[in-house]
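Position 1 is the first residue of the sequence; numbering continues from there. Note that these values count all heavy atoms, side chains included, but never hydrogens, waters or copies made by symmetry.
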Amino acid sequence: MSAALLATAEPRRTRGGASSAVRFNRPRRRAEQTVWIPNSLYRGNGYCDEAVAVYIKVAALDARRSWPAARPDTDPCTASVTELAAALGMSPSAVERGLTPLNRPGPDGSEPWVRTKQRTHRGGDGRSALRYARLVPRDQGALEVPVRVAEALSPRRLRAWLHLARATAKSLPVTAAELAGELFHHTGKSAGKPLSEKTGRRLLEDLEAAGWLTLDHRAGHRGRHAVTVNTSPLHAAPAPEPVVDDGALFPVSDLLGPTVADNHDGVGPDDHDGSLATREDTCLTTDGRADDLSIRRRRDSGSYPVAPVDNSAGDTFRAAPHGEKRSNSQAGTYRGPGLQLSPRVWQVLEPVRPELPSISPYLLRRIGQEIGRQLSAGVGMERLTTRLLTRYSRLTAGGPATERARRGEVGRWILGAGLPRHGCRLDSCEDGTTWATGERCALCANITATAQALAAAAAEEARAQQPAMAELPPEPSAPAQPPVTWLPWPPPPDPGPEPPAPREQEQLRAAATPAAVRQALADLGAPAAIRLYGRALVLPHLTDQHDEGTPA
């Protein structure tokens, strides 16, 4: 690396002098380390989310060298890509994806934020590269953030936290839509486009659940959430354990299980980089040290027997019995814990109680979670029970639907068709009727009338654009057919004289002369002459005029 390049990558003060051209990162303990990060790095669409986290970690490891009081021979950041990935909780490919734009000039033509110097041993073996972090000039906007934030949060959540920290420092009110507008997609078909408002709300909820944010709902400017950014994660006190009534018919819990988790982006949880993991990495930990993190799952057979469980529920709602051998033939059977639902759920399921024994415990648990979610959202038990009773009555009214329900599909029907609310966007609408008054929903009626008017206008326009068909001239009448005249069948041809007896015929052929054969041809014709004298005697005397009568 040239001296001019090192001068830009290694800004430092000389001993005895003072300089305020850059913002220095003070080397401290890992738990107290802070780093200055420029606003241009995490604002806009110039750098990916991984680049922000990688720069914070590289600048923290390079602080001992870039500090003005450091010794000239102090090494810069020597961590390899694998070590950086372990410290940040990312994959090596994600770290490399973040280092690539940092080693290139910025979108505005500025100098790279990280300089990398490759090196090798004398024998030719590779060594970890030297990485120099360019410090932030004082004339640029910057934010001082703890390094532990980059190590604890995913790249996208880290970027959202930085935007919220900047807004808090400047006393700017922020909404979920405004936060999503500052974050962008960097891959796929939506690359370069901002995130959706739903994703912005999800990021706020995730940061609040992790303790990095404190949200005072509707306490800010014009009904916005008041955001308080925490430099250390704050966790709420754990909720008390639910009380179980052992004397009830079924194990009952006051709190239902959590609703179905939002996987953020597909069928599985967000793994931040790549496909779903099926095997644990046994060589890396979150703190950068190498260790064996492999575990063994306890199975229900072999040398790991199942502990006995006291479950007083019936066969439908119990887990598998103790000591039962698991095999591949029983892989589809539910082996989870016993079912626990609240009395409110059983009251809602009263219309379909005869069908409950045929439903699997897994589907019953999902149904209970859905009912609990709607009850927590403010939907009354009476409304849910009436909805389920009305739709179940319609289901049992038809023969084929009833037969499908009897075959075990009623559980999926309850979850997918019996419990969801049908109607417009108003919460008071229930199948096109206002629940409180029983009258027809005005919004649904308006939507139906508008749709009918649009359909009628479209049909009228289609009829107007369709060209009028010209009337076809009448077809001429068919001419009269002449009467059919039947001709008589012609008489059969004269076969000629009867042939003589066989013995006389042999004598006649033996005494036949050429003149007699020619005379017979002229008088009787070729067929009769052949029957009388034979082919051997007649064929030599046939002429062209007699060929037509020769039988084939």
Side-chain angles (χ1 to χ4, degrees), residues 390-410 412-413 416-417 422-424 431-432 440 444-552:
T390 303
R391 297 178 184 176
Y392 183 68
S393 302
R394 298 173 187 171
L395 175 69
T396 55
T402 307
E403 292 298 327
R404 289 196 298 270
R406 297 301 181 186
R407 290 198 298 267
E409 298 182 4
V410 66
R412 287 180 289 177
W413 175 86
H422 297 167
C424 60
D431 290 336
R440 186 180 181 185
C444 290
N446 188 15
I447 293 175
T448 304
T450 305
Q452 294 177 355
L454 292 176
E460 185 66 24
E461 183 179 359
R463 285 194 298 268
Q465 293 179 357
Q466 185 177 5
M469 297 181 60
E471 296 183 359
L472 298 178
E475 297 182 359
S477 58
Q481 297 291 339
V484 179
T485 304
W486 297 96
L487 300 177
W489 191 263
D494 186 10
E498 292 291 335
R503 190 169 183 176
E504 296 178 358
Q505 189 175 11
E506 292 179 0
Q507 295 177 0
L508 182 62
R509 291 182 179 181
T513 59
V517 173
R518 288 194 294 271
Q519 185 65 31
L521 283 173
D523 297 341
L524 304 177
I530 291 176
R531 286 195 303 271
L532 184 62
Y533 291 102
R535 289 179 179 273
L537 297 176
V538 176
L539 289 179
H541 301 282
L542 288 177
T543 59
D544 295 340
Q545 61 180 352
H546 298 108
D547 289 343
E548 298 177 356
T550 304

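Closest approach of A526 to L521, counting heavy atoms only: CA-CD2, 3.7 Å. Closest heavy-atom contact between V538 and A529: CG2-O, 3.5 Å. The two residues D431 and R391 have their closest heavy-atom pair at OD1-NH2, 3.2 Å. Between L508 and L532 the shortest heavy-atom distance is CD2-CD1, 3.6 Å.
With sequence neighbours excluded, no residue forms a side chain to side chain donor-acceptor pair (under 3.5 Å) with E506.
Applying the side-chain hydrogen bond (donor to acceptor under 3.5 Å, both in side chains) test to residues at least two apart or on different chains, the pairs with a partner in residues 449-464 are N446-T450, E460-R463, E461-Q465.
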Residues 479-492, side-chain donor-acceptor partners within the protein, below 3.5 Å, at least two apart:
none

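With rounding to the nearest 0.5 angstrom, the OG1 atom of T448 is 5.5 Å from the CZ atom of R440. Here the CG atom belonging to L524 is positioned 12.0 Å from the CD1 atom belonging to I530, to the nearest 0.5 angstrom. We find the NE2-CD distance between H541 and Q519 to be 13.0 Å, quoted to the nearest 0.5 Å.
Without hydrogens or angle criteria, R412 side chain to A417 main chain gives no donor-acceptor distance under 3.5 Å.
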